[in-house]
J.: 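One structure, pasted below without further comment.
Counting starts at 1 for both ligands and their atoms, in listed order. One-based numbering along the sequence shown.
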Amino acid sequence: MPGISTNSIHADQELNRVIDVVPPINVTTTFRYPDDPEDIKPAVEYRDAEYDPSTSRPIYSRIGHPNSTRVEKVLGKITGGECVIYNSGLSAFFAAIMHFNPKTVAIGDGYHGCHNILHLLEKNYGLKIVGLDQLDQLSKGDLIHIETPENPFSIVHDIQYYVTKAKEIGAFTLVDATFAPPPLSDPFDFDVDMVMHSATKYFGGHSDLLAGTLTTKDPNLKLQLASVRPFLGTNIANLEAYLMLRSLRTYELRINQQSTSATKIVKYLNEHKDSYPSLTKIHHSSLQKDAFVAKQMKGGDAPVFSIELSTPLKAKSLPSKLKYFQHATSLGGVESLIEWRAVTDASASQNLLRVSVGIENTEDLIADLDAALKQS
Ligand SMILES: Cc1ncc(COP(=O)(O)O)c(C=O)c1O
């Protein structure tokens, strides 16, 4: 099987419609029907799932368009299954919840936006939300949502454990692997039902587009998701799909560099923590001792880590002492970011800073953090 970079550059070649080496940007929202009346078919109900918007002749860009189908082809190869692309990570999560339609969802801490979607469904339709330590409250058809590594600490959860429990109950497993996309980890090694990513992060990689993915091993399930997406109105937009394709060409180089660099930085900070007067904690998968971590993070650790300083003011002041880490939310881009997490996540400690490592020179990033932490 070709490697990730080969697929990133060539997996969509079979969908090429022109002689251009680089796919053109298609801005049209609507596409001409065939000239031959024999080729013009009446609509089918989406419930019949006979129409695959991602492989059929395009009709309307909310259903599918040339670059969204190319993106799905590449991301399917990278994520190891049949991929459906969305216009954000949260759209992908919402589509997964609409698909599984659970009465109860078990969820850990993780990204607050996913919790907010569940709270909306709790308020409107009585969805029950329980913790990952309350699996005894799940029944057949319910859902276990595992974010691993988990935002903002990059703590790894044992996917195998939750899959075993889910199978005993007859529940489904959805893994949000945004913090460790392949080759760092592959949740399908553990037989999960579905994997989601905020593709805004490492797949997009340049902090200039929003997208999300759902990947499944089951082609019929992919068809169902793709058939419902036009009615959720959540396909990736035309320009973003082009940008995503361009980003994916360099994806493997970026993710490997970001992961290696983050692990080196965490090691350095951990070894020198006595020189930093206000640093109280460092959180990262590379510092986690559980036996399952190495097996699950088979390709390297998450490129995100978090630190805690002794007071909220010290934490809030650290970003302005840094040269190469911009004070902003999000992660996964080529530029390193640091965020006083309380700005966007009401549940975060005010002592917490989340760091997203970009692709700058690792020694420069270490020197920058070292100098700022010595002054803090
Ligand atoms: C782990 C995780 N899942 C989902 C999302 C939502 O993704 P998006 O911002 O693309 O909607 C994020 C965004 O930060 C995230 O960090």
J.: Can you see whether Thr280 engages Glu308 through a side-chain donor-acceptor pair at a distance of less than 3.5 angstrom?
T.: no
J.: Taking a 3.5 Å cut-off between nitrogen or oxygen atoms, can you list every pair linking ligand 1 to the protein, with distances?
T.:
unit_1   : atom_1 : unit_2 : atom_2 : d
ligand 1 : 3 (N)  : Asp176 : OD2    : 2.7
ligand 1 : 7 (O)  : Ser198 : OG     : 3.0
ligand 1 : 10 (O) : Gly89  : N      : 2.8
ligand 1 : 10 (O) : Ser198 : OG     : 2.8
ligand 1 : 10 (O) : Thr200 : OG1    : 2.6
ligand 1 : 11 (O) : Gly89  : N      : 3.0
ligand 1 : 11 (O) : Leu90  : N      : 2.9
ligand 1 : 14 (O) : Lys201 : NZ     : 2.9

J.: Of all residues at least two apart in sequence or in a different chain, which pass the ring-ring contact (aromatic ring centres under 6.0 Å, His included) check with Tyr251?
T.: Phe203
J.: Assign the ring pair His272 / Tyr268 to parallel, tilted or perpendicular, where the plane angle (0 to 90°) is split at 30° and 60°.
T.: parallel
J.: Sequence neighbours excluded and cut-off under 3.5 Å, please list the side-chain donor-acceptor pairs for residues 83-108, or say none.
T.:
unit_1 : atom_1 : unit_2 : atom_2 : d
Asn87  : OD1    : Ser91  : OG     : 2.5
Ser88  : OG     : Leu90  : N      : 3.3
Ser88  : OG     : Ser91  : N      : 3.0
Ser88  : OG     : Ser91  : OG     : 3.1

J.: Whether the Asp345 and Tyr111 side chains hold a donor-acceptor pair (N or O, under 3.5 Å, no angle test) is what I'd like checked.
T.: no
J.: Compile the donor-acceptor pairs under 3.5 Å between side chains in residues 204-215 and protein atoms, sequence neighbours left out, one pair per line.
T.:
unit_1 : atom_1 : unit_2 : atom_2 : d
His206 : ND1    : Gly204 : O      : 2.9
His206 : ND1    : Ser247 : OG     : 3.3
Ser207 : OG     : Glu335 : OE2    : 2.7
Thr213 : OG1    : His197 : N      : 3.4
Thr215 : OG1    : Thr79  : OG1    : 2.8

